Number of protein chains: 2
Amino acid sequence: MPSSHSTPTLQDVARKAGVSTATVSRCLNSPERVVAETRTRVMEAVEQLGYTPNFGARVMAAKRTFTIGAIVPTMENAIFARGLQAFQEELHARGYTLLVSSTAYDARVEKEQIKALVARGADGLLLIGYDRDPALYSYLAQQGVPAIVTWAYARHDARAAIGFDNRGAMAQLAGAVIAQGHRRIAMISAHQRGNDRAADRVAGVRDALRSQGLAEDSLQVIETAYGIETGEVAMTTLMRARVPPTAVMCGNDVLAAGALCAAADLGLNVPGDVSVTGFDDIELARIVTPALTTVHVPHREMGRKAAQALIAMVEGAPQEPPTELTTSVQIRASLGPAPGI
Amino acid sequence: MPSSHSTPTLQDVARKAGVSTATVSRCLNSPERVVAETRTRVMEAVEQLGYTPNFGARVMAAKRTFTIGAIVPTMENAIFARGLQAFQEELHARGYTLLVSSTAYDARVEKEQIKALVARGADGLLLIGYDRDPALYSYLAQQGVPAIVTWAYARHDARAAIGFDNRGAMAQLAGAVIAQGHRRIAMISAHQRGNDRAADRVAGVRDALRSQGLAEDSLQVIETAYGIETGEVAMTTLMRARVPPTAVMCGNDVLAAGALCAAADLGLNVPGDVSVTGFDDIELARIVTPALTTVHVPHREMGRKAAQALIAMVEGAPQEPPTELTTSVQIRASLGPAPGI
DNA sequence: TCGGCAAATGCAAGCGCTTACATCAGTGTT
DNA sequence: AACACTGATGTAAGCGCTTGCATTTGCCGA
């Protein structure tokens with residue numbers, strides 16, 4: 001008799017349906033192996049008892065959790081939100097559940113979270129960017145947990161990845177800025193240490209300067225945490241200099257939104273007095289005034305494909321080579337000709 | 001001998017340290033019950049083997065997962081992001097891991113996700129709002145999984161909750177709008193069905209109209225999905241009417257941002273031609289032009305307290321009564337006097 | 001009619017861990 | 001010196017499920 005107080009178990013269902021636990025288990029996991037009549041009886045028992053399989057037991061017996069972990073730097077702004085949403089949708093469609101945790105851009109926290117997720121039996125992991133302690137990669141390999149790198153793409157790295165060329169995309173955007181006659185260009189970047197995307201974006205701007213025959217060390221870079229307020233502060237510093245830049249390229253749209261606010265506060269006209277650009281093309285970019293010139297990233301596509309690739313790896317498919325997604329420069333009102341041109 | 005290929009188990013550690021599995025388990029879970037010397041030996045073995053406890057086994061034996069689930073309507077925009085981030089931070093500090101999933105505002109998906117999280121052994125659940133199939137609440141009760149309702153607060157409901165009075169807050173904001181002389185007020189709301197927050201906000205506006213002796217059925221309400229674009233569409237519809245409203249109150253900041261975009265596209269001046277308000281006071285509200293008048297919600301505080309309360313419940317504390325957090329009306333440039341006043 | 005085969009189901013051995021209880025070795029008491 | 005007691009550790013019984021293998025059942029052809 002099912003004990004009336006604790007949650008029902010396979011046993012209880014089996015007893016109620018008058019079959020063995022094995023049959024119940026099969027009904028739940030490979031219904032085609034059970035005759036229709038029995039199956040109906042079992043399913044009714046399941047229904048009546050309100051039975052839910054015990055996850056721990058199932059995991060232990062089956063060695064699979066159907067859980068995928070994602071470790072992102074932050075959930076607070078929208079940078080990762082859309083891609084993650086698409087990732088989860090695809091996962092959900094394939095019967096997997098997503099576990100998200102965030103690191104606040106702290107490598108130590110990231111390490112903890114990775115271990116926590118692996119300990120919790122994540123079948124696979126979504127990681128942002130490449131740059132982390134190599135020991136973590138060996139740890140994952142040792143534990144047999146596949147991982148996929150996203151939001152970045154490195155041709156030379158064999159690791160599974162779905163991303164885009166941060167450096168090339170930023171170089172292209174910088175090319176557009178330079179083409180507008182800007183020569184005094186500054187950049188507001190996230191901290192580059194441990195953040196390859198940020199570092200690549202700075203490098204991209206340098207690439208563009210160089211290829212135009214401009215002095216690349218003339219590029220002034222302010223590093224700061226991601227955030228609207230930090231973007232405001234950085235922009236204010238920049239524009240109060242003796243010779244302020246005529247274009248400020250930001251490491252992402254959030255910083256750029258902050259820069260725009262600061263410009264407004266300082267009474268500067270954008271793009272009349274100074275041009276501002278972002279990166280990511282999140283919704284924010286369209287809403288701010290003036291609308292932001294930025295790099296469009298196919299976040300949803302990235303999330304979806306990452307899910308597909310990761311599931312394939314989890315299910316034992318041979319690891320695919322990294323995939324590069326194409327980005328495009330979105331020219332909007334925040335970029336104009338350099339003043340005096 | 002530890003099999004060289006599979007991951008090490010408690011057994012392996014015990015063997016290596018020359019103790020029983022019970023002792024190893026105790027070292028890991030209640031170190032003070034083991035003599036220092038033994039403990040050191042065990043910890044060394046753990047270290048050398050790179051042992052990580054098997055989550056499933058642990059869960060099954062201990063009946064606890066130290067995992068909390070959160071089910072939010074969406075991760076795509078920032079409405080829930082900040083609160084969730086705070087929730088996770090507090091959880092993490094207390095040794096719990098957060099599992100997030102989203103429902104796309106679909107009650108069926110929510111049901112699935114709740115079951116999935118319970119099946120995955122979530123010790124407790126964070127839910128948004130009250131409005132859902134009562135069967136779900138009984139299911140949770142039967143499964144013994146405590147849940148806390150957030151982003152809403154209902155005095156009359158005994159359910160554990162940490163939230164704010166959506167209706168009262170919106171009424172207060174509407175009061176401010178009316179005080180500016182607005183009489184033709186329209187509202188852009190999320191779909192109210194299954195979304196008590198949205199419904200309460202509409203009701204709040206009606207309350208305010210009534211208490212000012214205005215005809216509450218004169219309030220025109222457009223329901224739409226949450227999103228910037230949907231906000232734009234709704235605003236366009238509203239402003240193209242023969243007698244357009246002089247103030248448009250939006251169910252949240254995202255819709256309001258869309259409304260502001262639409263106003264700009266239509267060549268309307270805000271607040272000269274029409275005032276716009278939001279709700280939530282997410283970062284967006286400060287960035288848009290003009291800055292948004294909205295209701296400030298203490299998201300981080302809510303997230304933090306929700307974590308504390310939920311953990312207390314999970315750990316067996318008697319259920320606390322619902323907690324109400326205070327909101328405040330944030331007046332910014334998007335609200336001005338009604339035209340012609 | 002009966003042997004043989006396949007399909008359906010049952011049996012029971014784990015999966016790796018926690019924990020109640022048993023055991024054992026010291027310590028202090030009388 | 002015998003005893004009770006305490007603290008450290010070991011023993012072993014599950015936790016609820018999956019799954020390889022054994023058993024049963026029903027049907028076919030000979």
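Numbered from 1 within each chain, the chains take letters A, B, ... in sequence-line order. Scope of the values below: all heavy atoms of this structure, side chains included, with no hydrogens, waters or symmetry mates. As the structure is a prediction and not an experimental result, all values here were calculated from the model.
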Protein and nucleotides 6-9 of chain D: nitrogen or oxygen contacts under 3.5 angstrom:
unit_1, atom_1, unit_2, atom_2, d
D/dT9, OP1, B/Thr38, OG1, 2.4
D/dT9, OP2, B/Val35, N, 3.1

query: Counting side-chain heavy atoms from CB outward, which of D/dG16, D/dT18, C/dC17 is closest to B/Tyr51?
result: C/dC17
query: Strictly by modelled atom types, are A/Ser101 and B/Gln88 linked by a side-chain donor-acceptor pair under 3.5 Å?
result: no
task: Could you check how far CG of A/Asn54 sits from P of C/dC15, rounded to whole Å?
output: 18 Å
- request: Starting at atom CZ of A/Arg39, determine the distance to atom P of C/dA7, rounded to an integer number of angstrom.
  value: 15 Å
- prompt: Expressed in angstrom and rounded to an integer, what is the separation of A/Leu28 atom CG from D/dC17 atom C1'?
  reply: 11 Å
statement: Sorted by chain and number, sequence neighbours left out, salt bridge (charged side-chain N to carboxylate O under 4.0 Å, His left out) with A/Arg41 holds for none
task: Would you confirm whether B/Gln319, through its side chain, and B/Ala158, through its main-chain N or O, come within 3.5 Å as a donor-acceptor pair?
output: yes
Got a list of protein N/O to nucleotides 26-28 of chain D N/O distances below 3.5 Å?
none

- request: Kindly point out which of C/dG10, D/dT18, C/dC17 is positioned nearest to the side chain of B/Ala57?
  value: C/dC17
field: Whole angstrom value for the distance that separates C1' of D/dC17 from CZ of A/Arg15
entry: 15 Å
message: Using OP1 and OP2 only, check whether a side-chain N or O of B/Thr21 sits under 4.0 Å from C/dC17.
response: no
- prompt: Short question: side chain of B/Asp196, backbone of B/Gly129 - any donor-acceptor pair under 3.5 Å?
  reply: no
message: Distance check, rounded to the nearest 0.5 Å: B/Phe66 atom CZ versus B/Asp123 atom CG?
response: 7.0 Å
task: Take atom CZ of A/Phe55 and atom C1' of C/dC15, then tell me their distance rounded to the nearest Å.
output: 14 Å
field: Rounded interatomic separation in angstrom, taking CG from B/Leu49 and C1' from C/dG16
entry: 15 Å
- request: Provide the full list of salt bridge (Lys or Arg N to Asp or Glu O under 4.0 Å) pairs with a residue in residues 307-316 of chain A, sequence neighbours left out, each pair given once.
  value: none
- prompt: Nearest 0.5 Å, what's the CD1-NE2 distance between B/Ile68 and B/His92?
  reply: 14.0 Å
message: As a test of reading the structure: which of D/dT19, C/dT18, C/dG16 is closest to the side chain of B/Asn29, going by heavy atoms?
response: C/dT18
message: Strictly distance-based, threshold 3.5 Å: is any side-chain N or O of B/Arg33 a donor or acceptor partner for the main-chain N or O of B/Asn29?
response: no
query: Is the NZ or CZ atom of A/Arg159 both under 6.0 Å from the centre of the six-membered ring of A/Tyr130 and within 45° of that ring's axis?
result: no
message: Between B/Trp151 and B/His299, is the side-chain contact (heavy atoms from CB on, under 4.5 Å) condition met? List the steps.
response: CA-CA 9 Å; B/Trp151 262 265; B/His299 284 112; 3.5 Å; yes
query: Below 4.0 angstrom from OP1 or OP2 of D/dT18, is there any side-chain N or O of A/Arg58?
result: yes
- line: The bend of the helix from C/dT1-D/dA30 to C/dT30-D/dA1, taken between the axes of its five terminal pairs at each end and rounded to 10°, is 50°
- request: Mind checking salt bridge (charged side-chain N to carboxylate O under 4.0 Å, His left out) for B/Asp106 and listing every partner two or more places apart, or none if nothing turns up?
  value: B/Arg108
query: Atom CD of A/Gln11 to atom P of D/dC17: distance rounded to whole Å?
result: 9 Å
task: Look only at the side chain of B/Glu90 and the backbone of B/Gly303, and say whether a donor-acceptor pair between them is shorter than 3.5 Å.
output: no
- prompt: Rounded to the Å, how far apart are B/Met60 CE and D/dA13 P?
  reply: 16 Å
